[in-house]
Amino acid sequence: MSNDILVLVEHRDGVVAESAHELLGRARQLAGSSGGEAVAVVFGSGIDALAGQLGAASRVLTVDDPSLAQPTPAAYQAALVAILRERQPLLALVPNSGIGMDVAAGASAATGLPLAAYATAVEVDGGAPRVTCRIYGGKIDATVRFRDGRGIATVVTGAFPAAAGQVAGSPPVERVALPAADSRVRFVALHRPEAGDVDITREAILVSVGRGIGEQENLEIVGELAGALGGAVSSSRPIVDSGWLPRTRQVGKSGLRVKPKLYLALGISGAPEHLEGMRDAELIVAVNTDPRAPIFGVAHYGATVDLLDLVPALTRRLAG
Amino acid sequence: MELAVLLKQVPDLAEELEIDASGTDLEREWMTLVTNEFDDYALEEALQLRDEAGGSVTCLALDTGSADELLATCLAKGADRAIKVGSFERQPDSHTAARAFATALGRVPHDLVLTGVQAIDDLDGQVGPLVAAELDLPHVSVVTHIAIGPGGRAATVNQEYAGGVVAELEVDLPAVLGVQTSRVTPRYAPVSRVRQLMKTAEMGHVEAPTDGGSGLVVEAMALPQTGAGAEMLGGGADAVADRLVAILRERGLLKA
Ligand SMILES: Cc1cc2nc3c(=O)[nH]c(=O)nc-3n(C[C@H](O)[C@H](O)[C@H](O)COP(=O)(O)OP(=O)(O)OC[C@H]3O[C@@H](n4cnc5c(N)ncnc54)[C@H](O)[C@@H]3O)c2cc1C
Ligand SMILES: Nc1ncnc2c1ncn2[C@@H]1O[C@H](COP(=O)(O)O)[C@@H](O)[C@H]1O
């Protein structure tokens, strides 16, 4: 057993994900209080050079194999389980990404280590981790401990500042053998989004709509408001899933990360998956009839009026 | 193609959530429950896949005393069978639920087990990967675009990543998939039909272990300090619009 804090590092096209910096920055601080090391865990093919981007770690464990060149949840899980069994860390931090969610729960089942999901805060207190989980769509915080003092946490993107993990240096790399991988899930192809529509990551003003808009027809008045403000319309995921707007307009975890000068959130509850994509906007104004909507937790200004009343009222003032 | 769908009810987020006297759980007495949104997508996908490939759809829910309406809704939408699993006072943690489902699935033929990608109430991770581990089946979560391959031996699915990037994966069947969204908007079941089926439909029941546990100790639950960040603008729509225009003008965010 060790007092190490493990971090599962995601990367694509030779660049480590922002989540890796966020998690490693925190792991480094936690390792200070646990008396262990911050250990980065990387899966892929030809990845030794990534260590140069992981200066916040004390060491880097890699499972390096051509079969891991592309994201493969089953193989990642097998590799993570092998490392957890062998290293017995105090805590493993996994990004709450598509693949992270998948791999962490499977690893929990395989190792018997408990899993705390949706972590937004992690401490080491009295030698054991304490994790705050943001659940119920962001409406409740639960503070939990692991029964035997060790466990896995999936961490929401943006929970910790990335800056703390952007440390120069190239920690030593240790290769771990590829465990017998589960070949029942196979990678076929990676599809990247098509360009062509408005690029919402470049717009200074976004008028963003959520399910509170009610009906597709109401998008018209939202478009008029965006026009009057000189911005573009973006949205939460359900609007895109309904086919009311193209996927290119989706803000959040499985959509795009935006940082406009103004983000006007209309009828968006502020689920963690949405906040991931917009919490860094310079000015956030939220309009939601539910005074307890989590979006107000990240907004600078808020109002609990009906968006269908506010939108035309605002457009009139801007156009007139 | 034998399809099994796991469904659950969760608190309605449109209502106010309150913490109980212990300070470590929600006040559940008056809570309104709704079907977990993603489970509706999982069921719709299952119905679509059955209609394409033949076979049947079996819906499973833990028996928490309120599963009848949920399962009757599944039947009203066209599921072939409904089965209540175990006997629980309330929704257990994911690890316990997964053990119970793994036991039940031992008695229900399945080429494909579909779950919702997640439920809003899980503290200890997703049931899908946990069930898969219990049954030693492959698992993929955050899935869209399920297509069954020739002979029903494998399926191709899309797994979504950040930035709209999608991995196309092939998975051997039987498998467990966590459904993010269905190819079409989930169908609607008329309330009258659901009510009728609640009285007349035959639902199966499978015994299952109710022990297990998440291995987590909840120290406290609390409402996050939402609203702490936002300065709330009072008044009606006109008053709010006036203030917003002033705020935007002050920050130089208005055209001309
Ligand atoms: C793996 C995964 C990835 C995901 N990725 C994303 C993502 O990239 N982006 C994303 O957005 N979501 C994503 N989600 C979904 C996310 O969990 C939420 O379901 C989603 O963000 C909710 O969207 P919403 O706020 O529009 O809808 P809801 O949560 O239904 O909120 C609607 C809000 O509108 C308010 N409202 C209703 N009527 C009015 C009115 N007339 N005026 C004003 N307010 C009103 C309500 O009070 C409510 O707060 C993802 C989920 C998963 C599991
Ligand atoms: N108690 C339960 N009863 C039925 N299905 C469940 C239960 N818990 C989880 N599931 C299924 O697993 C999915 C993921 O839920 P969760 O693991 O709670 O995030 C849900 O969308 C359901 O499909």
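Below, read A as the first sequence line, B as the second, and so on, with proteins coming before strands; counting in each chain starts at 1.
Put simply, the side chain of B:E219 does not reach to within 4.5 Å of the side chain of A:V144, judged on heavy atoms. Side-chain atoms of B:Q159 and A:P73, non-hydrogen and from C-beta on, do get closer than 4.5 Å to each other. You'll find the side chain of A:S97 stays beyond 4.5 Å of the side chain of B:V142, heavy atoms only. Taking 4.5 Å as the limit, every side-chain heavy atom of A:T143 sits out of range of all side-chain heavy atoms of B:V218. No side-chain heavy atom of A:R317 sits less than 4.5 Å from a side-chain heavy atom of B:L244. Counting heavy atoms from C-beta on, the side chains of B:V166 and A:L190 never come closer than 4.5 Å. No side-chain heavy atom of A:K253 sits less than 4.5 Å from a side-chain heavy atom of B:Y161. In this structure, A:R292 and B:L223 have side chains that are in contact, with non-hydrogen atoms separated by less than 4.5 Å.
Counting heavy-atom pairs closer than 4.5 Å to chain B, the top residue among A:R237, A:K261, A:Q70 is A:R237. Heavy-atom pairs under 4.5 Å with chain B peak, among A:G302, A:A117, A:A299, at A:G302. Between chain B and the options A:A286, A:G255, A:P272, A:G151, heavy-atom pairs under 4.5 Å are most frequent for A:G255. In terms of non-hydrogen atom pairs under 4.5 Å with chain B, the most contact-rich of A:V305, A:T289, A:L307 is A:V305. Ranked by heavy-atom pairs under 4.5 Å with chain B, the list A:A153, A:A105, A:A119 is led by A:A105. Note on B:A119, B:G164, B:A162, B:A154: by heavy-atom pairs under 4.5 Å with chain A, the leading option is B:G164.
For A:I205, the part lying under 4.5 angstrom from a heavy atom of chain B is the side chain only. Looking at B:E160, the atoms closer than 4.5 Å to chain A (heavy atoms on both sides) sit in the backbone and in the side chain alike. Heavy atoms closer than 4.5 Å to chain B are found nowhere in A:S242, neither backbone nor side chain. For B:V10, no part sits under 4.5 Å from any heavy atom of chain A, backbone or side chain. Of the two parts of A:R145, the backbone and the side chain both hold a non-hydrogen atom closer than 4.5 Å to a non-hydrogen atom of chain B. Heavy atoms of A:E273 lying under 4.5 Å from chain B belong exclusively to its side chain. Proximity to chain B involves both the backbone and the side chain of A:V185, based on heavy atoms less than 4.5 angstrom apart. When heavy atoms are compared at a cutoff of 4.5 Å, B:A167 approaches chain A by way of both its backbone and its side chain. Neither the backbone nor the side chain of B:T185 comes within contact range of chain A, judged by heavy atoms closer than 4.5 Å. At a 4.5 Å heavy-atom cutoff, the contact between A:A228 and chain B is made by backbone atoms alone. For a residue to count as touching a neighbouring chain, one of its non-hydrogen atoms must lie under 4.5 Å from one of that chain's; by this rule B:D93 does not touch chain A. Using a 4.5 Å cut-off between heavy atoms, A:I99 contacts chain B through both its backbone and its side chain. Neither the backbone nor the side chain of B:L173 comes within contact range of chain A, judged by heavy atoms closer than 4.5 Å. The parts of B:D242 that come within reach of chain A are both its backbone and its side chain, each placing non-hydrogen atoms under 4.5 angstrom from that chain. In this structure, the portions of A:A303 lying under 4.5 Å from any heavy atom of chain B include both its backbone and its side chain. For A:V298, no part lies under 4.5 angstrom from a heavy atom of chain B.
The minimum heavy-atom distance linking A:A313 with B:A237 is given by the pair CB-O, 4.3 Å. Between A:A109 and B:L130, the shortest heavy-atom distance links the atoms CB-CD2, 3.5 Å.
A 6.0 Å sphere centred on NE2 of A:H11 holds more than 12 heavy atoms belonging to other residues, nucleotides or ligands.
For residues 13-22 of chain B, the interface with chain A (any heavy-atom pair closer than 4.5 Å) comprises B:L13, B:E15, B:E16, B:L17, B:I19, sorted by residue number.
Distance CG/B:L123 to CD1/A:I135: 4.5 Å, rounded to 0.5 Å. Expressed to the nearest 0.5 Å, how far CG of A:L283 lies from CG of B:L253 amounts to 6.5 Å. Rounding to the nearest 0.5 Å places OH of A:Y118 at 7.0 Å from CG of B:D122. With rounding to the nearest 0.5 angstrom, the CG atom of B:L254 is 7.0 Å from the CG atom of A:L229. Atoms NE2 and OG, on B:H95 and A:S108 in that order, are 3.0 Å from each other to the nearest 0.5 Å.
Look at B:D121 and A:K139 and you find no salt bridge, because none of the NZ, NE, NH1 or NH2 atoms lies under 4.0 Å from a carboxylate O.
Sorted by first and then second residue, the side chain to side chain donor-acceptor pair (under 3.5 Å) pairs involving residues 300-313 of chain A (not counting sequence neighbours) form an empty list.
Between the A:D102 side chain and the B:S141 main chain, a donor and an acceptor come within less than 3.5 Å of each other.
Applying the side-chain hydrogen bond (donor to acceptor under 3.5 Å, both in side chains) rule to A:D148 yields no partners; only residues at least two apart in sequence or on another chain are considered. Legend: residues meeting ring-ring contact (aromatic ring centres under 6.0 Å, His included) with A:Y76, ordered by chain and number and at least two apart, are A:F43.
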The test is salt bridge (charged side-chain N to carboxylate O under 4.0 Å, His left out); show your working for A:R186 and B:E168 and say whether it passes. CA-CA 9 Å; A:R186 296 172 292 275; B:E168 188 180 332; over 6 Å; no
